[in-house]
Amino acid sequence: MERLRSILTRIDGKGYKAYKDLTGEYRFPHFQLFVDYVQGDPFASPSRIRVRIPSARISWKPEWMASTFRRTALEDWFVRKWVRQLDRSAPRVSGTGKSGLIAIDRPGQAILQRTAVVVTPEWLEARLHIGLPARGRTVMGKAATEMLCIVLPQCVQQVATLSEADLRAIEQRMCLVDNQQAIRQAMRERGWVAFVADGAILPRESGISDRPLRGEQVIPFAAPPSLRQTVPVPHGESISGMAIPRGITLIVGGGYHGKSTLLQAMERGVYNHIEGDGREYVLTDPDTVKVRAEDGRRVERVNISPFINQLPLMRDTARFSTENASGSTSQAANIMESLEMGCRCLLIDEDTSATNFMIRDARMQALVAKGKEPITPFIDKVRQLYEEKGVSSVLVIGGSGDYFDVADLVIMMDQYLPHDVTAKAKEIAGNQQSGRVREGGANFGEITARSPLAKGLEADRKGREKAEAKGRHAILYGTQAVDLSASEQLVDTSQTRAIALMMRWIGERADGRASLRQLIEAGLKEVEAHGLDVLSPFRGKHPGDLALPRKYEIAQAINRLRSLHVKGGDKG
């Protein structure tokens, strides 16, 4: 620490690049400080430091790290404590650029594996970003000394000291994730694709906030008696809620009665959520993918023939490519790409779907003969998809009762509460025949694997590799902007950063032989074995702003590269 003070005193008043002398390791009384990267300008990306605290200093319990999901939950808890502490203690420095900033990657409502805090049996390491103080482009040595030698140690002291309230909060977190895992295990054993607990709060504050809506008018979720199931959990009383079984489920009801809100809660249920979120026990099969229409996206040699065939000019739909997909072709491609990656459940909202992809009613069939219509609507494939491929579907349907014919379960949302109306829907379907003729053949069709080529995954930009997130729904990859606005299950910008780096990792290994799924799963196995640090150019130093993405969102990013080139693979 004294060496650090000495350097800061020596460079006080010098040009900003003199801060580079700080790079290195420093020992404080109760922790180590690593200065891994020093920004070259006060307006540049902040400097990166790590704080490593010996586990003996914190006195945590070994059982908090007894499993991967417990360790992830513990790291997430400490990230949030760092956020709270820095919000209270960060210095107010009057300077240029990012002067005085001390920050850590700020999590949302989901509990994700991330790199901001890493816990081992020996130590806890926090990866922070700091803005070294400057007046103009001149070093402010005294202000930097206060930041690094006074404020930072005080923050470490507060984070490392676990109060009785902290210990109770950590135990509560451990109980929560144990219960979440128990419910997920029950879901696998009992054949459910989703579970929504009684008392869950599904609505969010707003369209730009993932926090729960508060107020007297918020209606807690309550399962209909016919769908209520009870799951024993390790901590506390058994948890009851609505279980959605494998198969084809419709969510119906009038506008503004909560159909899409329920579906949105289910799409986020692939992740565990923190206490107080309202969706702690809204859990979904982790291989669930939300799909929608996406006009204008590029499609590269995707087999969309189960849905679209006999295009004009004899265009091949078993290896379909386009630079500007329509609503129907984009939705078909999104489904087939998800199946290619191993999806086991699809979530589809009628509001964000192409109408001609979802349904073709009897009157339209009578007017436009099948020989003139290349699209086989989803209604004619959804049953085959489940029976032949084992892929379930949950659909929000507000305008087409024809889907009653193919549904296993129909849930009606009425004033934000669910009702099982399956029997009534089937009675209506029996009494009022739709008159539709089933289209698309007796079988679903083939799911085709594709193998990416290295030339389409180059990240070169003016002689340097460039792969970085630009917010949660955009990646700058080389010279290309990758639009992920349709990837509705991305919940954190740090996931998007990890996806950008995974794309580069895959690009280095793409040889036209390994399939896209094989490459992505190999990359995730590397992460499982060595942590997310394995993806970072700052490996071993400071990859402090990454969070674990799913394979589906990684594939979505790669499939939206306009430079992507693939070879067709085996059918399966």
Side-chain donor/acceptor of Gln85 to backbone N/O of Val159, under 3.5 Å: no
Could you check whether Arg80 pairs with Glu275 (Lys NZ or Arg NE/NH1/NH2 to Asp/Glu carboxylate O, under 4.0 Å)? no
Ion pair present between Glu75 and Arg114, side-chain N to carboxylate O less than 4.0 angstrom? no
Taking 4.0 angstrom as the limit, do Arg560 and Glu294 come out as a salt bridge? yes
Tyr552 (side chain) donor-acceptor with Gly342 (main chain) under 3.5 angstrom: yes
Under 3.5 Å, is there a donor-acceptor pair between the side chain of Thr120 and the main chain of Trp123? yes
For Thr68 and Arg71, which I'm curious about, is there any donor-acceptor pair between the side chains at under 3.5 Å? no
Charged N to carboxylate O under 4.0 angstrom, Asp178 versus Arg70? yes
Distance alone, cut at 3.5 Å: any donor-acceptor contact between the side chains of Tyr16 and Gln39? yes
Verify whether one side chain among Glu458 and Ser563 offers a donor that lies under 3.5 Å from an acceptor in the other. no
Ion pair Arg204/Asp277, N-O distance below 4.0 Å: yes
In terms of side-chain heavy atoms, does Gln264 have a donor or acceptor partner in Ser260 at a distance below 3.5 Å? no
How long is the straight-line distance from CD1 of Ile130 back to CG of Leu101, given to the nearest 0.5 Å? 8.5 Å
Pair Arg517 + Glu340, salt bridge at N-O below 4.0 Å: no
Side chain of Arg184, backbone of Gln180: donor and acceptor closer than 3.5 Å? no
For Asp210, does its backbone N or O pair with a side-chain atom of Arg268 as donor and acceptor, under 3.5 Å? no
Is any side-chain N of the basic residue among Glu468 and Lys470 closer than 4.0 Å to the acidic one's carboxylate O? yes
Distance-only, no hydrogens or angles: does the Ser330 side chain make a donor-acceptor pair with backbone N or O of Ala293 under 3.5 Å? no
Parallel, tilted or perpendicular, judged at 30° and 60°: which one describes the rings of Phe28 and Phe31? parallel
Pairwise side-chain contact, Trp64 with Trp77, heavy-atom cut-off 4.5 Å (strictly under): no
Among Glu267, Gln556, Arg550, whose side-chain hydrogen bond (donor to acceptor under 3.5 Å, both in side chains) with Gln489 holds? Arg550
Spatial distance of atom CD1 (Ile308) from atom OG (Ser326) [nearest 0.5 Å]: 6.0 Å
Regarding Arg50 and Glu125, does a basic nitrogen lie under 4.0 Å from an acidic carboxylate oxygen? yes
NZ/NE/NH1/NH2 to OD/OE distance under 4.0 Å, Asp349 and Arg292: no
